[in-house]
Protein chains: 2
Amino acid sequence: MMHDEVVSRLRHVLTEGEIPPGARIPERELCASFAISRTPLREALKVLAAEGLVVLLPNRGSRAAKLTQRDVKELFEVCEGLEATAGELACPRISDAQLREIAELQASMVEHYRAQDLLSYYRCNRLIHEAIVRAADNAVLAGFYESVAARIRRARFITPMSPEHWALAIQEHEAILNALQRRDARGLAHILRTHLRRKREEVVRAGFAEGE
Amino acid sequence: MMHDEVVSRLRHVLTEGEIPPGARIPERELCASFAISRTPLREALKVLAAEGLVVLLPNRGSRAAKLTQRDVKELFEVCEGLEATAGELACPRISDAQLREIAELQASMVEHYRAQDLLSYYRCNRLIHEAIVRAADNAVLAGFYESVAARIRRARFITPMSPEHWALAIQEHEAILNALQRRDARGLAHILRTHLRRKREEVVRAGFAEGE
DNA sequence: TAGTCAAATTTTGCATTCAAAAATGCCTCC
DNA sequence: GGAGGCATTTTTGAATGCAAAATTTGACTA
């Protein structure tokens, strides 16, 4: 198995699941489940520690990072900036095919909203935001976004959506698609900021934090 | 020696010097000079590879990353976004002491400009930008900025400055300080973007790139 | 003399091993 | 019966060893 693959799989284990924040990372178990020795696993742990998903306690092993209230605030602030930048860059660069793809995602997202299917809604939502970042055609930006989004994801996912917020989010997404289609960079950046800020308030209001 | 220390020292070796971009990274030599074995060095290499300072070629070792024309463009685009975000966040948060510090840095930077001391000028310039990022009081943002700035630095440093550009840069810095003092977040973000965009054009026009 | 192919050497990536540090459990003593 | 301390076990972090891959070397051929 290749190095990047170990990092990806470990990241997946940490973000999508199994290991709760703050929990010890069972080195031996993961070695067994990945069928590798400790050396490549530890290399991956250091990389994810640099990304902020893992905290290394000297001589006391590694744990899945906890998100404090402050972390959530900082991550959202940066995410806002990154998405706004992505939007501005995407407007002049996005292809018709990419626009169509986003429009389709938007349509199915609205479907899921109508069906009140929160999980599918979130999946579409995520894909749309990722598509915008991809349309910005900037690998450095995409890398940072991926890293921030991965850390935010858990916080976002467990947030229950009030009906009003949900309706508002849908409206904002219409405006996002609209701005993209009009190639209105400034406008798109502004809407994305507003959208993210609202999301953040929602998360913060839900009192989300993992202690420390 | 601690893990983070190895990463720092290796980063320093790569950014501030000794190993030219594209050159092979001499694993054995560095192990000797750091007085560590290959394992911790390789861990540090993976971390810096994730940061983009090192490229790992499977079964062919690691090399100091080269900056292509495209990399420079992408890094500046992201840097613009990060600094603009930092400026917006810094305005409501910056303390009087921090403002004073930046004003002093600005004064000595102008001094160095008058003395046509390019290196000292660049040092002050860098310290000002770092101070603004610090004033934003966001560790995630600061981390990303540090990473982007480290990669850009070489490109920026070797750029010779035309007299007009230099004068303009000074003017822009006056405007930056002004906006900070007025706590004009939008204005500051805008000036920072303009400032960075100009810098980037300058670097690109100087035809800077390390091939590939 | 230049080119090509194969052997030898080096380098890489990973597993294993080893010493030191932390955690655990057991025993004693209060 | 519980707290404290010592020994044992486990875990961590790093060095070493080993097999596979790549590069270099050198000899042979055209």
Under 3.5 Å: donor-acceptor pair, side chain of [X], backbone of [Y]:
| X | Y | answer |
| --- | --- | --- |
| N125(B) | Y122(B) | no |
| R200(B) | F76(B) | no |
| R93(A) | A136(A) | yes |
| R42(B) | E43(A) | no |
| N138(B) | E74(A) | yes |

Just the rounded figure in Å: distance from [atom2] of [N] to [atom1] of [X].
| X | N | atom1 | atom2 | result |
| --- | --- | --- | --- | --- |
| R60(B) | dG13(C) | CZ | P | 11 Å |
| R63(B) | dT11(C) | CZ | C1' | 13 Å |
| K46(A) | dT12(D) | NZ | C1' | 10 Å |
| L57(B) | dT12(C) | CG | C1' | 12 Å |
| L41(B) | dA15(D) | CG | C1' | 13 Å |
| M1(A) | dG13(C) | CE | C1' | 14 Å |
| F34(B) | dA14(D) | CZ | P | 14 Å |
| E27(A) | dA14(D) | CD | P | 12 Å |

Heavy atoms under 4.0 Å, any strand shown: does [X] hit a base, just sugar-phosphate, or nothing?
| X | answer |
| --- | --- |
| R28(B) | sugar-phosphate |
| M2(A) | nothing |
| L45(B) | nothing |

Would you say the side chain of T39(B) and the base of dA15(D) hold a donor-acceptor pair, judged only by whether the two atoms sit under 3.5 Å apart? yes
hbond_proxy R42(B) side chain to dG13(C) base (donor-acceptor, 3.5 Å cutoff): no
N or O in side chain of R24(A) less than 4.0 angstrom from dT10(D) OP1/OP2: no
Would you kindly compare P58(A) and S37(A) by the position of their nearest DNA chain C nucleotide and give the one closer to the 5′ end? S37(A)
Just compare dA15(C), dA22(C), dG17(D) and give me whichever is closest to any side-chain atom of N59(A). dA22(C)
